[in-house]
Amino acid sequence: MTNTTTIPTSLNFRDDCLEILNQQKLPHEIEYLKLSSLNEFYDAIVTLKVRGAPAIGITAAYGLAMTMNQHQTENLSEFILEFRQVKEYLYSSRPTAVNLGWALDSLEKAIEKAKSVNEAKTTLLHTAIQLHTEDEVICRQIGEYGLELLKDKSTIMTICNAGSIATSKYGTALAPFHLGSEKGKNFDVYACETRPVLQGSRLTTWELLQSGVNVTLIADSMAAHTIKEKKVEAVIVGADRIAANGDTANKIGTSMLAILCQFHTIPFYVAAPSSTFDLKLPSGTSIPIEERAPEELTEINGVRIAPQGTQVYNPAFDVTANELISGIITEKGVIYPSYEENIGRMISGG
Ligand code: MRU
């Protein structure tokens, strides 16, 4: 039998642009957008046309590299000054995912020793391409480690979309399911719809259906009932920023699932590359949490559903306390408690 399944990807580098799959239009429309100007890159990140921590890091890196390649000067100091301004602008697009700043810093480090503008321009583009290609290898490795933890034919819950389209390929939390499909292992995945932006119902279902994974959609409020009634055996989620003690910021609703896992004594796993760790932060209390526009809650598809004048609180992420996390699956292996010690050893080699 021929395998007709595919693992979708969302980022394609072309010589004159970065082509992205517009995630705002999914699943109804497959629209590719060509990004080449700084404002196009910035807008795509802010408006969630591209989203997911690794994918926004890669996109921002291309945005910085391509913008600087268009900059006309032979003067290296002037080039570096402009580079820092463009970098700051892209950095301000979204605050929570540390991968964004990490990718931009990687570009800055890469041109530290450049001797000419031409050399800096070439290095920037090569570094962005390298981050893009390395991310696929990293995600595949996360998937391999994840597969060792998750039993074949088990029932697993996830939230948001930490999938192939949120990375270069494979994803983080969804990588074991994609790899499982390739290797003939099967999972029953319950995808939380992920209010208010619906990354679960629009993106995770779309992505897993394409790679032949058995996925069932639930509303976020059905998680407790589903874990009990459908005998969910583990929850796996992605991450936007992990502090030195293991506290983890991820899509709003994640910490609620971790608390449920503790109550039901099932494992709660975080899957993330080492670029998602922010070892400068001792704990999750100082992770910046993005608050998004009230319309994400007061409207559905542009139609007002809440009364005019309703006050809205719309944090896009929450922080899961380290003691609720059973293990953090990275490309370097699975990190278990005690996190302070083991994160230092595995991520920074300290
Ligand atoms: O607001 P989003 O859609 O960018 O949020 C994405 C998440 O919370 C993901 O779980 C996280 O970035 C990991 S993606 C591999």
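Since we're looking at a predicted model, the values are computed, not measured.
- In summary, Lys49 and Glu31 do not engage in a salt bridge, as defined by a charged side-chain N under 4.0 Å from a carboxylate O.
- Phe317 and Phe268 are assigned to two separate hydrophobic clusters, defined by single-linkage of ILVMFWY side chains at heavy-atom distances under 4.5 Å.
- Looking only at side-chain heavy atoms (C-beta outward), Arg140 and Glu182 come within less than 4.5 Å of each other.
- More than 12 heavy-atom neighbours from other residues, nucleotides or ligands sit within 6.0 angstrom of NE2 on His71.
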Between Leu100 and Thr59, is a side-chain contact (heavy atoms from CB on, under 4.5 Å) present by the stated rule, with each step listed?
-> CA-CA 9 Å; Leu100 178 66; Thr59 303; over 6 Å; no
side-chain contact (heavy atoms from CB on, under 4.5 Å) between Tyr32 and Leu21, intermediate numbers included | CA-CA 5 Å; Tyr32 286 92; Leu21 179 60; 3.9 Å; yes
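- With a 6.0 Å radius and a threshold of 12 heavy atoms from other residues, nucleotides or ligands, Lys332 has its NZ atom above the threshold.
- A salt bridge links Asp105 with Lys87: the distance from a Lys NZ or Arg NE/NH1/NH2 to an Asp or Glu carboxylate oxygen falls below 4.0 Å.
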Would Leu38 and Tyr89 count as a side-chain contact (heavy atoms from CB on, under 4.5 Å) if you check the C-alpha gap in whole Å, the side-chain angles of each, and the deciding distance to 0.1 Å?
-> CA-CA 9 Å; Leu38 177 58; Tyr89 181 58; 3.6 Å; yes
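- When every heavy atom of Ser348 is checked against every heavy atom of Leu279, the shortest pair comes out as CB-CD1, 3.6 Å.
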Full working for side-chain hydrogen bond (donor to acceptor under 3.5 Å, both in side chains) between Arg202 and Asn161 = CA-CA 9 Å; Arg202 295 187 302 107; Asn161 171 269; over 6 Å; no
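- Two rings, from Tyr62 and Phe13, have their centers less than 6.0 Å apart.
- Checked for salt-bridge contact, Arg292 and Glu290 meet the test: a charged N lies under 4.0 Å from a carboxylate O.
- Cluster annotation: Leu11 and Leu125 are assigned to the same hydrophobic cluster (Ile/Leu/Val/Met/Phe/Trp/Tyr, side-chain heavy-atom contacts under 4.5 Å, transitive).
- No side-chain donor-acceptor contact under 3.5 Å links Ser168 to the backbone of Asp135.
- Using a distance-only test at 3.5 Å, with no hydrogens or angles considered, no donor-acceptor pair links the side chain of Glu19 to the main chain of Asn12.
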Trace of the side-chain hydrogen bond (donor to acceptor under 3.5 Å, both in side chains) decision for Thr96 with Asp240 | CA-CA 6 Å; Thr96 302; Asp240 287 82; over 6 Å; no
Check against side-chain contact (heavy atoms from CB on, under 4.5 Å), Ile289 and Asp318 = CA-CA 7 Å; Ile289 299 293; Asp318 61 24; 6.0 Å; no
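- In terms of heavy-atom proximity, Ala65 sits nearest to Ala128 at CB-CB, 4.3 Å.
- The minimum heavy-atom distance between Ile287 and Asp247, with the atom names listed, is CD1-O, 4.2 Å.
- A donor-acceptor contact under 3.5 angstrom links the side chains of Glu78 and Thr73, judged on distance only.
- A heavy-atom distance below 4.5 Å is found between the side chains of Cys192 and Ile218.
- Counting heavy atoms from C-beta on, the side chains of Ser164 and Thr9 come closer than 4.5 Å.
- Annotation for Leu104 and Ala60: closest pair CD2-O, 3.7 Å, computed over non-hydrogen atoms.
- Counting all heavy atoms, side chain and backbone alike, Val270 lies closest to Ala239 at CG1-CB, 3.8 Å.
- Taking a cutoff of 4.0 Å between a charged side-chain nitrogen and a carboxylate oxygen, Glu296 and Arg195 do not qualify as a salt bridge.
- Side-chain contact annotation: Ser283 with Asn245, donor-acceptor N/O pair under 3.5 Å absent.
- Residues Met256 and Leu324 are members of separate hydrophobic clusters, defined by side-chain heavy-atom contacts under 4.5 angstrom among Ile, Leu, Val, Met, Phe, Trp and Tyr.
- Using a cutoff of 4.0 Å between basic side-chain nitrogens and carboxylate oxygens, Lys183 and Glu144 are scored as salt-bridged.
- Ion pairing of Asp278 with Arg241 is present here, as a side-chain N (NZ or NE/NH1/NH2) and a carboxylate O approach within less than 4.0 Å.
- If you chain together hydrophobic residues whose side chains sit under 4.5 Å apart, Tyr91 and Val46 fall into the same group.
- At least one side-chain heavy atom of Leu179 sits under 4.5 Å from a side-chain heavy atom of Tyr170.
- Here the shortest heavy-atom pairing between Val213 and Ser181 reads CG2-OG, 3.5 Å.
- At a threshold of 4.5 Å between non-hydrogen side-chain atoms, the residues Ile80 and Ile111 count as touching.
- With contacts defined as side-chain heavy-atom distances shorter than 4.5 Å, the pair Phe83/Leu124 qualifies.
- By the 6.0 Å contact criterion, CD on Glu74 is open, its count of non-hydrogen atoms from other residues, nucleotides or ligands being 12 or less.
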